[in-house]
Amino acid sequence: MSKYDHQKIEKKWQKRWEKEKSFIAEFPSEKPKWYSLIEFPYPSGDGLHVGHIRSNTAIDIISRKRRMEGYNVLYPIGWDAFGLPTENYAIKTGLAPQVVTKKNTDIFRRQLKSLGFSFDWDREINTTDPEYYKWTQWMFLKFFEKGLAYKAKVAINWCPKDKIGLANEEAAGGVCDRCGGPVEKRMKEQWMIKITAYADKLLEGLKDVDYIPQAKIQQDNWIGRSEGAEIEFPIVIASEAKQSHFKIASSLSAPRNDLINVFTTRPDTILGATYVVLSPEHKLIGELENRIENLADVKNYIAAAAKKSDIERTEEGKQKTGVELKGITAINPATKEEIPVWVADYVLTGYGTGAIMAVPQHDQRDREFAEKFKLPIVDKPLVSWEEALKVTDGKKTVKYKLRDWVFSRQRYWGEPIPLIHCEQCNWVAVPEKDLPVKLPKVAKYQPTDTGESPLAAMTKWVNVKCPRCGGPAKRETDTMPNWAGSSWYFLAYIIRGESANYQLPITNYFDAFKYFTPVDWYNGGMEHTVLHLLYSRFWNRFLYDLGLVPVAEPYKKRTSHGLILGEDGVKMSKSRGNVINPDGLVKEFGADSLRLYEMFMGPFDQAIAWDPRGILGTSRFLERVWQIGTTKTTSLHSQVFKDDVGLERLLHQTIKKVSEDIETMSFNTAISAMMIFVNECVAKQTISQSVWQKFVLILAPFAPHIAEELWEVLGNKNSIHLESWPKFDPNKIVEDSFELIIQVNGKMRGKANVPIGTPQDEAEKLALEQSSVKKWIEQKTFKKVIFVKDRLINFIV
RNA sequence: GCCGAGGUGGCGAAACCGGCAAACGCGGGAGACUUAAAAUCUCCUAGUCGCAAGACUAUGCGGGUUCAAGUCCCGCCCUCGGUACCA
């Protein structure tokens, strides 16, 4: 009896897989394809997180099972390496982000390989590789070319002390996380991408995909399509003659400063509209400035609102704030009544028209506001939509919550936006032959104190000739958001398999796309189910509309894993000191034990706290498997065993359970079923080889190293991943008896072991023979007997 | 606030379509083996009352539907994810 030497055996098989290129996806191939995808990691300086292992193992299990089922599996890996943490590290240490990224990805690669994931390492990608971002830039230029990229003024977080723009995370709670000072809002010109033009397509696409329902709902709600109406409320200015301003707009298209255009999803409630509310950023306020009698109050209020984020504005719950615009009123176009106009930050600029008609009788928020400021709440009858629109001259419109994508960052560590600004020609695309526009080396990674990216200081790099007219021009110095590179990476893996340096043009890869896409199963975190998923669906849909990719929806199926929290039940973080380093666990218990524990620890889709003792259970389980596999079967090779019907039945039940549970990601119960099987084997003197062999096969996707070794011990020459997935025999899983539950008035009073298929009359007879049942029934009369076949009998007395 | 998910023993959890609540594992207890310890193996382990047979109470809280509710319905409370520049 020798102990299982995980260190030696795991290394042995990892070497062999690498040498034999066991997990390389082939193209072209006669086999059916299977494309498994995990969200490629951000290579942070902290090293691999145990959470990565959870998601990677789950999809590894599915990928390995699919190979055994005869598929040509693509399960790729790469690095989503642009982003803030690396940049901030570079700012602090002066080390180039390129160098830091190289170091971090080397660590991640070694760690991932030590866990035996069946990745196709030949297709490894890195979003910060200029050959990779050449494509990201090329695709951005397609958006530009099609008029979907445009410039607009957008509010950013600005620290007036540090003189830099801040990410939302760096400005949490309205405080700069560098200096602790207050953060302001500042308007800045940014590149935008018109994702809103795809709102309906993105909604429709959801109908055809197999996402977990909450992911679909989140996407649906985020896009937030709502049908309503725009209705214009004429303005009355107290200081002027009222009559002259009492008019309905003749043209709805031209913006006018004597009307407030509101958006409502409930035009039918118009008779109850008792005031109008503008968002603090509404431009009418500026235009009517000299007519507002309490201008100082209004300006104070607007300044205070500017300091809050949208979330802060609305989350202060029932404490609504606002200021009336004194001297200005509006006319309800349906009732012709003069009603007050307020400014309040519960109305958001970005949604609808930035102005609402308040109907406190029908809307909770309006009611709270009205109650607080003693505004009238009237109960007027509803009218039909048609009537409302007719009497107000309003028009039906569709609005979306979805806003356009802010695509600029004033940062170094991102893809340079490949545009050049020329005084004569305005914005001009960098010609395809000049891509990629590489990130130049800079001395400082800190944004400049005008809020521009550090690239702006590279005058040599910035000043170029206009590609169109040859005149003096300047490069765009903004870079792209981290979302850019991850929006199309599932295509990059396919390209990378055909061309190591991702040669353009994209049309070369259409056949490979046709074979491999869509991704058959994409797993990721719930934290990505809105933004990343939506951005990449949009990006792919855009390429599809250009005829460059063959499928409209990139991901056929989407599932989500739960976060792994620290032992203390909170998110793992360096500062809390609750981070688990997988290296030590792999060394002490082995990759298979760790993989198994992470799959066994709880339901895959739920957040769970790390239990440092939990791995002991799966490690003991594997040790038992090893002992059985090396003593109870192999030493008795040539012997003929009497069939053990009970164990064979359990084997087939286990194959069924494990096969099904993998598909529903119920890995914890699959492992529990395998434990039950192994516990049963422990009690046996000998186990027939044919039974044991099948068990090793179903264990293989979970614990591939030990399974390979035991497979070899059984006398097999080929790797276990070349074998077929075992099928259960439906005839062999059937039990012949079951425990009948006997209830009286719904309470369990007895049990009886009876054959499957026992009819009601027999069950009744058997039940009433039991003294423990009888005493609850004696001297009472039956009202009813409920009989559930092969399960229970319930006497109502 | 809004959108989404969750709440079951000392702990992680299981429970198909409404049908024995607590499978499997961790921890704990007792025993075997051992000079001893570790490892391993066997048994016990929701709570209360009871000598016992057993009875009662239990799935965040309060109601409801049902022969029967962890599961379905209504109303709350708490925790987590997202909230558009963390990824």
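In this text the structure is predicted, and so the values were computed from the model without any measurement. Proteins get letters first, then strands, A, B, ... in listed order; numbering begins at 1 in each. Scope of the values below: all heavy atoms of this structure, side chains included, with no hydrogens, waters or symmetry mates.
In terms of phosphate contacts, Arg186(A) brings no side-chain nitrogen or oxygen within less than 4.0 Å of OP1 or OP2 of rC85(B). Using a 4.0 Å cut-off, some side-chain N or O of Asn668(A) falls inside it from OP1 or OP2 of rA14(B). Look at Arg403(A) and you won't find any side-chain N or O under 4.0 angstrom from OP1 or OP2 of rU83(B). Of the side-chain N and O atoms in Arg791(A), none sit less than 4.0 angstrom from OP1 or OP2 of rC20(B). Here Asn168(A) reaches the OP1 or OP2 of rA84(B): one of its side-chain N or O atoms lies under 4.0 Å away. Between rC3(B) and Lys216(A), no contact under 4.0 Å exists linking OP1 or OP2 to a side-chain N or O.
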request  = Could you go through the side chain to side chain contact (heavy atoms under 4.5 Å, CB included) check for Asp661(A) and Phe667(A) one step at a time?
outcome  = CA-CA 6 Å; Asp661(A) 281 359; Phe667(A) 304 108; over 6 Å; no
task = Take Gln770(A) and Arg749(A), measure what side-chain hydrogen bond (donor to acceptor under 3.5 Å, both in side chains) needs, and give me the verdict at the end.
result = CA-CA 9 Å; Gln770(A) 290 200 7; Arg749(A) 299 299 181 187; over 6 Å; no
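Looking at the side chain of Gln190(A), the nearest of the listed nucleotides rG19(B), rG4(B), rC85(B) is rC85(B). Considering only side-chain atoms of Asn157(A), the nucleotide from rG82(B), rC85(B), rU42(B) that sits closest is rC85(B). In this structure, of rA14(B), rA87(B), rG81(B), it is rA87(B) that holds the atom nearest to the side chain of Asn482(A). Closest to the Arg620(A) side chain, of the nucleotides rC86(B), rC24(B), rU40(B), is rU40(B). When distances are taken from the side chain of Glu527(A) to each of rA84(B), rG82(B), rA15(B), the shortest belongs to rG82(B). Side chain of Phe600(A), nearest nucleotide from rC24(B), rC85(B), rG6(B): rC24(B).
In this structure, CD of Gln606(A) is placed 12 Å from P of rA5(B), rounded to the nearest angstrom. In this structure, OH of Tyr351(A) is placed 19 Å from P of rU83(B), rounded to the nearest angstrom.
Residue contacts for Arg411(A): at a heavy-atom cut-off of 4.0 Å it reaches no nucleic acid atom on any strand shown.
Ring orientation note: the planes of Trp413(A) and Phe82(A) are nearly perpendicular, at an angle over 60° on the 30°/60° scale. Ring pair Tyr522(A)/His532(A) is perpendicular by interplanar angle, where above 60° counts as perpendicular and below 30° as parallel.
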Please list, pair by pair, any protein nitrogen or oxygen found under 3.5 Å from a nitrogen or oxygen in nucleotides 64-68 of chain B.
residue, atom, partner, partner atom, Å
rC67(B), O2, Asn794(A), ND2, 2.6

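In this structure, the side chains of Gln190(A) and Lys151(A) stay at 4.5 Å or more apart for every pair of heavy atoms.
The aromatic ring centres of Trp488(A) and Tyr132(A) sit less than 6.0 Å apart.
A salt bridge is absent between Glu368(A) and Lys372(A): the closest approach of a Lys/Arg side-chain nitrogen to an acidic carboxylate oxygen does not fall below 4.0 angstrom.
When both distances must be under 3.5 Å, the Watson-Crick or G-U wobble mate of rU40(B) is rA32(B).
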